[in-house]
Amino acid sequence: MRAAFKQWKNQVFKAFNIVASSINFNYQSTLNYFDNRSTNVSAESFNAKIKAFRAQFRGVRNVEFGSIPKVVCELK
């Protein structure tokens, strides 16, 4: 019984330490939202659009046509 409890306790503390480490690593960017109301939504939205564009052209035989860098350069 003690061995099982000790194993369970180690698993719980390991999971808790992972969560605590994640919070400690990201707390400044999380608190930045509350201070400045700034997020990276625009970058995330642009990445989603690129992924959707790539998914739309899967299976296209002309690989050069479906390449993202060339298309992005043409948009500028």
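- Between the CD atom in Glu44 and the CG atom in Asn47 there is a gap of 6.0 Å [rounded to 0.5 Å].
- Exactly one residue among Val19, Asn26, Ile18 makes a side-chain contact (heavy atoms from CB on, under 4.5 Å) with Ser22. That residue is Asn26.
- One distance of note links NZ of Lys9 with NZ of Lys14; it measures 15.5 Å at 0.5 Å rounding.
- Atom CZ of Phe13 and atom CZ of Phe16 lie 8.5 Å apart (nearest 0.5 Å).
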